[in-house]
Amino acid sequence: MGQSTRARSPEQKRRRARRILEAARTLETEAGFTAMATADVARRAGVAKGTVFLYFPTKEALGLALLEDLLQEWFTALDAELARATAARGPRVLARILAETLSARPVLGRMLAIAGSVLERNVDAGTLVAFEKTVLERMRRTGGALEAGYPFLSRGDGLRLLLYVRVLVVGLHPVAEPAPAAREARAAPELAPLRLDYAGSLESALRIRRSLYGDEDVRVA
């Protein structure tokens, strides 16, 4: 494949960065992030390997940008679900919506699961701060929409719930969706207790229960 021309305008650069991100997403789906090579991303995007590093200085920085993209898409899906709501819904329904929208996005689950152990290990502090600020701002918006659509959530509960979701996915996804070798091993009948349904387990963990001390006191748990 011939070398692509240099992107000069901001719009050309934006489109090229988008091509690189889409290539990374496709390769992650096919082989997983750790097996993905930057050279393969470049070939899939139709650019030189050095061009990838002009936009994303490390493979991990590329992964972090992909994770930001995936999170933005998930928040947008949640916002759309809230906008479709015609009446106040209960905590069990909310837990189901959160679990279903997450389980429908396996790449997001895998990338969240390796964020702390892989992606954040080879990026500069500025990149990480920018990522967290962008995600936090988006979480606040969707958290506010959650509070508006689900009156049992108190002020600040929407953001806290989304934070808990992030933590739950990091812990649950590798267990419920293990690597192929582990999945094959757990197929043995005697290891059935170790198998977890990702969506079902996530929904159970995300249920918001009323405090035993009074109906008016609601806790995210």
Requested in this report: Check whether any side-chain heavy atom of Phe56 sits under 4.5 Å from a side-chain heavy atom of Val41, and report yes or no.
Outcome: no
Query - Over 12 foreign heavy atoms within 6.0 Å of CD, Glu184 - result: no
For residues 106-114, please give each side-chain donor-acceptor pair under 3.5 Å, one per line with the distance, not counting sequence neighbours.
{"residue": "Arg110", "atom": "NE", "partner": "Glu28", "partner atom": "OE1", "Å": "3.4"}
{"residue": "Arg110", "atom": "NE", "partner": "Glu28", "partner atom": "OE2", "Å": "2.9"}
{"residue": "Arg110", "atom": "NH2", "partner": "Glu28", "partner atom": "OE1", "Å": "2.8"}

Report task. Sorted by first residue and then second, give each salt bridge (charged side-chain N to carboxylate O under 4.0 Å, His left out) pair with at least one member in residues 64-77; sequence neighbours left out. Result -> Arg18-Asp69, Arg25-Glu73
Query raised in the report: Just by modelled atom types, is the Asp157 backbone N or O under 3.5 Å from a matching donor or acceptor in the Ser154 side chain?
Result: no
Report summary line: Between the CD atom in Gln72 and the CG atom in Asp79, the distance rounded to the nearest 0.5 Å is 10.0 Å
Query raised in the report: Between the main-chain N or O of Glu100 and the side-chain N or O of Ser103, is there a donor-acceptor pair closer than 3.5 Å?
Result: yes
Query raised in the report: Can you name the one residue among Thr127, Thr58, Val118 that meets side chain to side chain contact (heavy atoms under 4.5 Å, CB included) with Leu64?
Result: Thr127
Query raised in the report: Side chain of Ser201, backbone of Leu196: donor and acceptor closer than 3.5 Å?
Result: no
Query raised in the report: Yes or no on side chain to side chain contact (heavy atoms under 4.5 Å, CB included) for Leu136 and Leu159, after CA distance, side-chain angles and deciding distance?
Result: CA-CA 9 Å; Leu136 177 57; Leu159 174 60; 4.1 Å; yes
Requested in this report: Heavy atoms only: give me the nearest Pro174-Val170 pair and the separation to one decimal.
Outcome: CD-O, 3.2 Å
Query raised in the report: Any chain of hydrophobic side-chain contacts (each under 4.5 Å) joining Phe53 to Val47?
Result: no
Query raised in the report: What do the steps show when you test Val123 against Phe131 for side chain to side chain contact (heavy atoms under 4.5 Å, CB included), and what is the final call?
Result: CA-CA 11 Å; Val123 295; Phe131 166 80; over 6 Å; no
Query - pair Phe33-Leu119: side-chain heavy atoms closer than 4.5 Å - result: yes
Query raised in the report: Do Arg105 and Leu70 have side-chain heavy atoms sitting under 4.5 Å apart?
Result: no
Query raised in the report: Who passes ring-ring contact (aromatic ring centres under 6.0 Å, His included) against Tyr198, sequence neighbours left out?
Result: His173
Report task. Taking all non-hydrogen atoms of both residues into account, name the closest pair between Leu191 and Ala185 and its distance. Result -> CD1-O, 3.2 Å
Query raised in the report: Between Leu78 and Leu162, what is the shortest heavy-atom contact and its length?
Result: CD1-CD2, 4.2 Å
Query raised in the report: Can you tell me how far the CZ atom of Arg155 sits from the CZ atom of Arg160, to the nearest 0.5 Å?
Result: 10.5 Å
Query raised in the report: Going by heavy atoms in the side chains, are Glu81 and Thr101 under 4.5 Å from each other?
Result: no
Query raised in the report: If you round to the nearest 0.5 Å, how far is CZ of Arg92 from OG of Ser204?
Result: 8.5 Å
Query raised in the report: Would you find a donor on one side and an acceptor on the other, under 3.5 Å apart, between the side chain of Arg195 and the backbone of Arg186?
Result: yes
Query - Flag if over 12 foreign heavy atoms under 6.0 Å of CZ, Arg183 - result: yes
Query - Tyr55 side chain reached by Leu21 side chain, heavy atoms, under 4.5 Å - result: no
Query raised in the report: Does Met36 offer a backbone N or O that forms a donor-acceptor pair with the side chain of Lys59 under 3.5 Å?
Result: yes
**Report entry** Value rounded to 0.5 Å, distance of CG in Asp40 from NZ in Lys49
**Finding:** 9.5 Å
Query - Leu102 side chain reached by Val165 side chain, heavy atoms, under 4.5 Å - result: yes
Query - Same apolar cluster: Leu172 and Leu194, side chain cutoff 4.5 Å - result: no
**Report entry** Residues Arg141 and Glu137 bridged, charged N to O under 4.0 Å
**Finding:** no
Query - Atom of Leu202, atom of Ala99 and distance for their closest heavy-atom approach - result: CD2-CA, 4.0 Å
Query - Heavy-atom pair with the smallest gap, counting every atom of Leu82 and Ala145 - result: CD1-CB, 3.5 Å
Report task. Could you tell me whether the side chain of Ile97 reaches within less than 4.5 Å of the side chain of Tyr150, counting heavy atoms only? Result -> yes
Query raised in the report: Under a single-linkage definition using a 4.5 Å side-chain heavy-atom cutoff for Ile, Leu, Val, Met, Phe, Trp and Tyr, are Leu146 and Val93 assigned to the same hydrophobic cluster?
Result: yes
Report task. Run the numbers on Leu71 and Arg138 for side chain to side chain contact (heavy atoms under 4.5 Å, CB included), then give the verdict. Result -> CA-CA 9 Å; Leu71 284 168; Arg138 192 65 174 80; over 6 Å; no
Report summary line: Heavy atoms of Ala61 and Pro57 approach each other most closely as CB-CD, 4.0 Å
Requested in this report: Decide whether Leu128 and Val167 are clustered together by the hydrophobic rule: side chain heavy atoms of Ile, Leu, Val, Met, Phe, Trp, Tyr closer than 4.5 Å, transitively.
Outcome: no
